Engineer: 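Take this structure first; my questions come after.
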Amino acid sequence: MSLEARQQRLQEIEELRRLGIEPYPYRFERTHNTEEIRKAFDQRLEAGQTLESERVSTAGRVMALRKHGKSIFFVLQDFHGTIQGYIRKKEAGDEVFKRFDDFVNIGDHIGIRGFPFKSKTGELTVFVLEYEILSKSLRTLPEKWHGLKDKEIIYRQRYLDLIANRESLNRFVIRSRAISFIRDFLNSRGFLEVETPILHHVTGGANARPFVTHLNALDIDMYLRIAPELHLKRLIVGGFEKVYELGKNFRNEGISYKHNPEFTSIEVYQAYADYSDMMELTEEMITELVRFINGGLKINYQGVEIDFTRPWKRVSMRDYIKEHLDVDILEDPDERLLEVVESHGQEVSMKERGHLIEKLWDLVEDGIVHPTFVTDYPVEISPLAKRHRLDPRLTERFELIIFGREIANAFSELNDPVDQLERFRRQAQLRAAGDEEAQMMDEDFVRALEYGMPPTGGLGIGIDRLVMFLTDVPSIRDVILFPLVRPQGREEREDEEA
RNA sequence: GGGCCGCUAGCUCAACAGGUAGAGCGGCUGAUUCUUAAUCAUUACGCUGCAGGUUCGAGUCCUGCCCGGCCCCCCA
């Protein structure tokens, strides 16, 4: 910004203090927020009318000033919206008016007291008799008409985005409501919210590279969790029957429009249930959520209609791939799988069967638009899921795909400790062969299973991605208040400090 | 990690084919007692992302780097 404007504000602050006015006072008593003023008086007033017997006090940030010499119109913005204010020399008095004229700038927080009226054009307005500066601003706000468009500033200085772009603030309110809804939904069905460690000695529950950190007190390296899964299942072993955890996971992987290194998930576990129960739960929870946020079950996402009406389509991974690629992931040999993958221009770094199947799946996943449960994943790519009751080559697992994106992942949880140990060993082999995303052996988890875990259904949902659909935004960054951004260069930071 | 595109005033954007860097909003000063993208007058705003190079001359052309966006690879 021009240094000049900032200098000007600093001088005004000095001057205010000389006049005995504190530019950063401690509190202000509001009788109404802007929304409450509208509720209380909008119906009671007609254009040109005043309600001089009433008194309201409200506060907010000055977003616009329209000066007319002996009167000033201004716009005050608070969390709930905006309200116009009007101050006139005649009613406020020479001194109060002059101080407003001299010292109130766009960007300042002020508190006002006065009575409601409606201008002759019908705008509900507070006629100001007294005002207080609540916080002086030193910097000029982004432009009022075009808003703030620079993605870099939007993500790095989210506070400016929230001030300047109302729809952005609204989006994060929706996110908050969605999360509250999910908690309420599960709480009302008897689930308990729990907290498990984020600092892990061994990571598990997903295939991803972890962040490594160091614990000084014990002089050991630790990992940030990539998923809470293994701890939550330990709780089922311990006797909890219905638990969930909603929180951050951390994966040291690529960043994209659908990947942020830290992201929010919810995992839900229910004893004596299987993946069919989890499907029911998922379908019910998400449809009710969509209805709660959106009003109906058809949403428009980036110009495409997505229909959440129940029941959702269910298709096995094997059938879906066979239908679209004419290859059978159970019966055809590795060579045939590889051939199909390569015929679609994909390269494969590891020719292990599990990877080939995942590649095949990636080729067709994008074709799914409406919510679809894709079921019965091969055992090779599902090391924590229980084998399918009808075919031991498969697992009882599903992913919920919407608009080609994985939104949820669930299984009948593997509770056979011997099988689990074998699966971990297989993963360990893959790690040894260079697959950094293969899962780590978690011996304590196997020991827990040896004490006996009841049949259990488990479910994980990517909250950020779900909120993307609810708010119709193209990037995961638009639903994360402070998405990960590269730190600015040293030069620039020194400039900022100077 | 690879490829493509972008970076101009606090913000939103201009600047032909290489020839003095502009506008609107915002800021300063002034006028204006019902405005609402208020209006009118006045004025200041710039290391054109950074560092080099080509050229008489670079916002513009070339090279490298920073940051961002998009695509590819990969985790959800």
Side-chain angles (χ1 to χ4, degrees), chain A residues 1-9 11 47-48 50 63-75 82 84-92 97 105-107 117-123 125 127 137-157 160 163-164 205-210 226-227 249-265 267 345-349 355 358-359 362 399-401 405-409 435-437 460-466 468 474-477 485-492 495:
Chain A
M1 79 182 288
S2 59
L3 238 109
E4 205 180 306
R6 189 161 176 272
Q7 289 304 330
Q8 181 89 18
R9 299 287 167 269
Q11 278 171 23
T50 61
M63 297 302 285
L65 281 168
R66 296 184 282 272
K67 300 190 177 188
H68 293 263
K70 296 191 178 69
S71 74
I72 299 169
F73 284 95
F74 56 94
V75 176
T82 61
Q84 180 169 261
Y86 182 58
I87 183 165
R88 195 158 66 175
K89 199 169 190 172
K90 188 176 152 199
E91 285 79 2
F97 184 82
N105 296 105
I106 290 175
F117 87 107
K118 248 186 192 172
S119 69
K120 68 183 181 191
T121 53
E123 179 84 30
T125 305
F127 200 117
S137 163
L138 298 182
R139 293 178 183 253
T140 54
L141 290 177
E143 210 228 3
K144 65 183 168 192
W145 186 241
H146 298 92
L148 179 65
K149 290 185 173 173
D150 187 325
K151 291 265 190 225
E152 182 156 7
I153 302 177
I154 284 174
Y155 297 138
R156 284 186 194 278
Q157 296 176 258
L160 278 183
I163 293 167
N207 300 315
R209 282 200 297 267
I226 58 174
N249 295 320
F250 306 86
R251 299 188 185 175
N252 206 339
E253 305 271 1
I255 302 169
S256 79
Y257 70 95
K258 51 181 176 177
H259 301 275
N260 195 62
E262 55 179 300
F263 66 101
T264 301
S265 76
E267 290 202 6
Q346 296 289 306
E347 288 179 16
V348 192
S349 53
H355 284 98
E358 279 177 300
K359 279 284 176 190
D362 286 345
E399 285 193 340
L400 170 64
I401 309 296
R405 297 179 191 164
E406 296 152 40
I407 300 303
N409 183 21
D435 183 352
E436 288 185 72
E437 284 155 14
I461 299 175
I463 296 291
D464 311 282
R465 288 182 176 182
L466 193 55
M468 286 169 72
S475 172
I476 196 167
R477 289 176 182 167
V485 287
R486 196 183 288 269
Q488 285 173 320
R490 188 180 299 161
E491 260 181 9
E492 211 164 325
D495 278 0

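Residue numbers begin at 1 in each chain, while the letters A, B, ... track the order of the sequences. Source: prediction; values computed, not measured.
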Engineer: Quick check for you: to the nearest 0.5 Å, what is the distance between A:Lys67 atom NZ and A:Ile87 atom CD1?
Structural biologist: 10.5 Å

Engineer: How about A:Leu148 and A:Gln157: do any of their side-chain heavy atoms sit closer than 4.5 Å?
Structural biologist: no

Engineer: Looking at A:Arg66, does any N or O in its side chain come under 4.0 Å of the phosphate oxygens OP1/OP2 on B:A38?
Structural biologist: yes

Engineer: Figure out the CG/C1' separation between A:Asn252 and B:G1, and round it to whole Å.
Structural biologist: 14 Å

Engineer: What's A:Phe250 touching, base or sugar-phosphate or nothing? Going by heavy atoms closer than 4.0 Å.
Structural biologist: nothing

Engineer: Under 4.0 angstrom, heavy atoms only, what part of the nucleic acid is A:Glu123 near: base, sugar-phosphate, or nothing?
Structural biologist: base

Engineer: In whole Å, what is the span from the CZ atom of A:Arg6 to the C1' atom of B:C45?
Structural biologist: 17 Å

Engineer: Which residues pass the side chain to side chain contact (heavy atoms under 4.5 Å, CB included) test with A:Glu143, sequence neighbours left out?
Structural biologist: A:Trp145, A:His146

Engineer: For nucleotides 12-14 of chain B, tabulate all protein N/O to nucleotide N/O atom pairs closer than 3.5 Å, reporting atom names and distance.
Structural biologist:
unit_1, atom_1, unit_2, atom_2, d
B:U12, OP1, A:Lys149, N, 3.0
B:U12, OP1, A:Asp150, N, 2.8

Engineer: Rounded to the nearest Å, what distance is computed from the CD1 atom of residue A:Ile255 to the P atom of nucleotide B:C71?
Structural biologist: 14 Å

Engineer: What interatomic distance, in whole Å, is found between P of B:C70 and the corresponding atom of B:G24?
Structural biologist: 33 Å

Engineer: Does A:Asp464 use its side chain to pair, donor to acceptor, with the backbone of A:Thr264 at less than 3.5 Å?
Structural biologist: yes

Engineer: Between B:C13 and B:C56, how many Å separate the two P atoms, rounded to a whole number?
Structural biologist: 37 Å

Engineer: Considering only side-chain heavy atoms of A:Tyr86, which listed nucleotide, B:U35, B:C34, B:C67, is closest?
Structural biologist: B:C34

Engineer: Within the structure provided, determine whether A:Asn252 and A:Pro210 are in side-chain contact (heavy-atom separation under 4.5 Å).
Structural biologist: no

Engineer: For B:G68, take OP1 and OP2 only and decide whether either is under 4.0 Å from a side-chain N or O of A:Arg156.
Structural biologist: yes

Engineer: Take atom P in B:G59 and the same atom in B:G22, then report the distance between them in whole Å.
Structural biologist: 13 Å

Engineer: Please tabulate, one pair per line, each protein N/O and nucleotide N/O from nucleotides 39-43 of chain B that are separated by under 3.5 Å, including the distance.
Structural biologist:
none

Engineer: Would you mind reading off the distance between A:Lys359 atom NZ and B:C74 atom C1', rounded to a whole angstrom?
Structural biologist: 8 Å

Engineer: Could you state the CD1-C1' distance from A:Ile154 to B:G68, rounded to the nearest angstrom?
Structural biologist: 12 Å

Engineer: Looking at A:Arg9, I'd like to know whether one of its side-chain N or O atoms comes within less than 4.0 Å of OP1 or OP2 on B:C28.
Structural biologist: yes

Engineer: Let me confirm one number: the CG-CD distance from A:Asn207 to A:Glu436, rounded to the nearest 0.5 Å.
Structural biologist: 12.5 Å

Engineer: Please test A:Met63 against A:Ile163 for side chain to side chain contact (heavy atoms under 4.5 Å, CB included), starting from the C-alpha separation and ending with a verdict.
Structural biologist: CA-CA 9 Å; A:Met63 297 302 285; A:Ile163 293 167; 4.0 Å; yes

Engineer: Please report the distance separating the C1' of B:G49 from the corresponding atom of B:C66, rounded so that it comes out in whole Å.
Structural biologist: 7 Å

Engineer: Runs of at least three consecutive Watson-Crick or G-U pairs, both distances under 3.5 Å, are what I'm after; which ones involve RNA chain B?
Structural biologist: B:1-6 with B:67-72, B:10-13 with B:22-25, B:29-31 with B:39-41, B:49-53 with B:61-65

Engineer: Nearest to the A:Trp145 side chain among B:A37, B:C71, B:G68, which nucleotide is it?
Structural biologist: B:A37

Engineer: Roughly how far apart, to the nearest Å, are B:G19 and B:A58 at atom C1'?
Structural biologist: 10 Å

Engineer: Listed by chain and number, what are the salt bridge (Lys or Arg N to Asp or Glu O under 4.0 Å) partners of A:Lys258, not counting sequence neighbours?
Structural biologist: none

Engineer: In chain order, what residues pass the ring-ring contact (aromatic ring centres under 6.0 Å, His included) check against A:Tyr86, with sequence neighbours excluded?
Structural biologist: A:Phe73, A:Phe117, A:Phe127

Engineer: If you pin A:Gly254 and A:Lys90 to their nearest nucleotides in RNA chain B, which one's is more 5'?
Structural biologist: A:Lys90

Engineer: I'd like the C1' distance from B:A31 over to B:G68, given in whole Å.
Structural biologist: 44 Å

Engineer: What is the distance, to the nearest angstrom, from the CG atom on A:Leu65 to the P atom on B:G30?
Structural biologist: 15 Å

Engineer: Side-chain N or O of A:Asn105 less than 4.0 angstrom from OP1 or OP2 on B:G26?
Structural biologist: no

Engineer: Looking only at side-chain atoms of A:Lys144, point me to the closest of B:C67, B:G27, B:A38.
Structural biologist: B:A38

Engineer: For A:Ser475 and for A:Lys120, find the nucleotide of RNA chain B with the closest heavy atom, then tell me which residue's nucleotide is more 5'.
Structural biologist: A:Lys120

Engineer: Pick the C1' atom in B:U33 and in B:U43, then give their distance to the nearest Å.
Structural biologist: 27 Å

Engineer: Can you find a donor-acceptor N/O pair under 3.5 angstrom joining the side chain of A:Gln84 to the base of B:U35?
Structural biologist: yes

Engineer: Just verifying a value: how many Å separate A:Phe74 CZ and A:Thr125 OG1, rounded to the nearest 0.5 Å?
Structural biologist: 9.5 Å

Engineer: Can you see whether A:Gln11 engages A:Arg6 through a side-chain donor-acceptor pair at a distance of less than 3.5 angstrom?
Structural biologist: no

Engineer: Using the P atoms only, state how far B:C61 lies from B:A15, rounded to an integer number of Å.
Structural biologist: 13 Å

Engineer: Tell me: CG of A:Leu138 to C1' of B:G10, nearest whole Å?
Structural biologist: 13 Å

Engineer: Is there side-chain contact between A:Ile463 and A:Phe263, with at least one heavy-atom pair below 4.5 Å?
Structural biologist: no

Engineer: Roughly, in whole Å, what's the span from CD1 in A:Ile72 to C1' in B:U35?
Structural biologist: 12 Å

Engineer: If only side-chain N and O atoms of A:Arg486 are considered, is one of them under 4.0 Å from the OP1 or OP2 phosphate oxygen of B:G68?
Structural biologist: yes

Engineer: In sequence, state the C-alpha distance, the side-chain angles, and the governing distance for A:Ile476 and A:Met468, and then conclude on side chain to side chain contact (heavy atoms under 4.5 Å, CB included).
Structural biologist: CA-CA 7 Å; A:Ile476 196 167; A:Met468 286 169 72; 3.9 Å; yes

Engineer: Once you round to the nearest 0.5 Å, how far does CZ of A:Arg486 lie from CZ of A:Arg156?
Structural biologist: 9.0 Å

